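As structure tokens, the structure follows; a few thoughts come after it.
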2 protein chains.
Amino acid sequence: MVQKPAPDSTRRSEKSRRAIYDAALALVGEVGYTKTTIEGIAARAGVGKQTIYRWWPSKAEVLLEAFLDLSEQFAEAAAPEEQAEYGIPDTGDLAADLKNVLRLTVDELLDPRFEAPSRALTAEGVVNEQFGAQVIARLLEPQLQLYVRRLEAAQETGEVRPDIDPRIALELFVAPLAQRWIQRTGPITYAYTDTLVDYALGGLAPR
Amino acid sequence: MVQKPAPDSTRRSEKSRRAIYDAALALVGEVGYTKTTIEGIAARAGVGKQTIYRWWPSKAEVLLEAFLDLSEQFAEAAAPEEQAEYGIPDTGDLAADLKNVLRLTVDELLDPRFEAPSRALTAEGVVNEQFGAQVIARLLEPQLQLYVRRLEAAQETGEVRPDIDPRIALELFVAPLAQRWIQRTGPITYAYTDTLVDYALGGLAPR
DNA sequence: TTGACGAGACGGTGCGTATCGTTTCGCGTA
DNA sequence: TACGCGAAACGATACGCACCGTCTCGTCAA
């Protein structure tokens, strides 16, 4: 394996990096993932394309970092400064807490700034296993862990049966919403996610 | 809108059509969706590429028809001849019936002949709304309708609460399995799908 | 002084279209 | 039923174009 001499990241141009992020996100939104090209990103960012190839291996990775950066900006705007809030709030009412987080997710899924890049990253991950693992690890898994913790807390208070696997339980809420979004197989609304929580906690069979 | 003179489908070469399906499926399996090209499919099929462009608008549509054709072959092999069986069996035990169908779905998801093309079609649909609608309508929706019918039958026998929306209820089984497969976020086993059915029917909260 | 930078040249590949003969098939006639 | 004609699909391949990923300039900033 021949390794390129690693570029010196201390000398990296922050301005170019930001311009590349902006250009990548804009292009994916405007012309779609398939039609955005590295040459196009470079031209739009006012950057030599070698600068992109120096720091990223593919357009998918450019977009992933651009998206992570965008997400960070939004997170800081929502929960300002260092006192960022982590975890799903625990008011003692599991159903209400879950409905609240899912409503936030609905908002995000409907935000046009997120739509195109999210779809691009998802699509690339479906077909490219290595990249998919990265998307899961850096984007999705941290979110899922929040559900696991909240459900474990609910098991201690008796709101969820102790024999339930939280890792599977969370999928009953999250996966249907994800599928509706991915496959466009139904409307994405608060009413829908509220219903999901009710069905999953209460079960489909009569009590 | 200028419309090309539509080709005469009665004169279409059946041999070329089959060769193109085979080549497309083989290439997607061997080199991946991104790297399969129309020129590659044509060369492998021993066909002029104009023959592909004459009948299909994109490589995604070629693959969709190839996959539908493949699915038909399998369906005929499983339920031979004209007496094809439709619908989810109704033994009166909803949980058992659902577990059985989901096990069949697990088998299909793990079949290497299906994996690569399914992922390709899914990925393309995520990013290309028009194409996604086609995949849903021709591939997914017919399957989902079977669940709706079986759940409605279960409502009549009292196995499912009458106020439940079957369209949403089915997502509690199907979507988690789909997400695990799409995102590779956990193992796909009979034990897993069995658990999904138990959780969804019984609910997460104590009874 | 050194290495990232913007710019752009380079050969290579696949795109989608156009245009070769060639082959196949439907249809009218013997 | 057998034959022959014409039209259209066929395999092959050339075309211009866009983008790929690499390489090499001269410039500029740390």
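These numbers come from a predicted model, not from an experiment.
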Q.
Can you see whether Glu152(A) engages Tyr147(A) through a side-chain donor-acceptor pair at a distance of less than 3.5 angstrom?
A. no
(Q) Regarding dA8(D), can its base be found pairing with the side chain of Arg11(B) as donor and acceptor, where the two atoms are less than 3.5 Å apart? (A) yes
**Q.** Gap between atoms CD1 and C1', on Ile52(B) and dC15(C) respectively (whole Å)
**A.** 13 Å
(Q) At a heavy-atom distance below 4.0 Å, what parts of residues 21-51 of chain B sit against DNA chain C? (A) Thr37(B), Ile38(B), Glu39(B), Lys49(B), Gln50(B)
Q. How long is the line joining CG of Asp8(B) and C1' of dG6(D), in whole Å?
A. 14 Å
Q: Please round to the nearest 0.5 Å and tell me the distance separating atom OG1 of Thr105(B) and atom CD of Gln143(B).
A: 7.0 Å
(Q) When you measure from the centre of the six-membered ring of Tyr192(A), is the NZ or CZ of Arg180(A) closer than 6.0 Å and no more than 45° off the axis? (A) yes
**Q.** Contact nearer the 5' end of DNA chain D, comparing Tyr53(A) with Trp55(B)
**A.** Trp55(B)
Q. Given dC10(D), is OP1 or OP2 found less than 4.0 Å from the side-chain N or O atoms of Arg54(B)?
A. yes
Q: May I have the distance from Ile20(B) (atom CD1) to dG11(D) (atom C1'), rounded to whole angstrom?
A: 11 Å
Q: Rounding to 10 degrees, work out the angle separating the end axes of the helix from dT1(C)-dA30(D) to dA30(C)-dT1(D) (five pairs an end).
A: 30°
Q: Could you tell me whether the side chain of Glu124(A) and the main chain of Phe131(A) form a donor-acceptor pair under 3.5 Å?
A: no
Q: Search all heavy atoms of Arg119(A) against all heavy atoms of Val127(B) and return the closest pair with its distance.
A: O-CG2, 3.9 Å
Q. Any Lys/Arg nitrogen of Asp69(B) or Arg18(B) sitting under 4.0 Å from an Asp/Glu carboxylate oxygen of the other?
A. yes
Q. Got a sec? Which of residues 59-70 of chain A come in under 4.0 Å of DNA chain C, heavy atoms?
A. none
Q: Compute both the distance and the angle, then confirm whether Arg12(A) meets the cation-pi test with Trp55(A): under 6.0 Å from the six-membered ring centre, within 45 degrees of the axis.
A: yes
Q: Give a yes/no answer on whether the side chain of Thr10(A) brings an N or O atom under 4.0 Å of OP1 or OP2 in dA30(D).
A: no
(Q) Looking at Glu30(A) and Arg44(A), is any side-chain nitrogen of the basic one under 4.0 Å from a carboxylate oxygen of the acidic one? (A) yes
Q: Go through the steps to decide whether Tyr21(B) and Phe67(B) satisfy the test ring-ring contact (aromatic ring centres under 6.0 Å, His included), and finish with yes or no.
A: CA-CA 8 Å; Tyr21(B) 287 168; Phe67(B) 187 77; over 10 Å; no
(Q) Closer than 4.0 angstrom, basic N to acidic O: yes or no for Arg167(B) and Glu141(B)? (A) yes
Q.
Out of the candidates Asp198(B), Asp194(B), Thr193(B), only one should pair with Lys99(B) under the side-chain hydrogen bond (donor to acceptor under 3.5 Å, both in side chains) rule; please name it.
A. Asp198(B)
Q | Atom pair distance, as rounded to whole Å: CH2 in Trp56(A) and P in dG21(D) | A | 15 Å
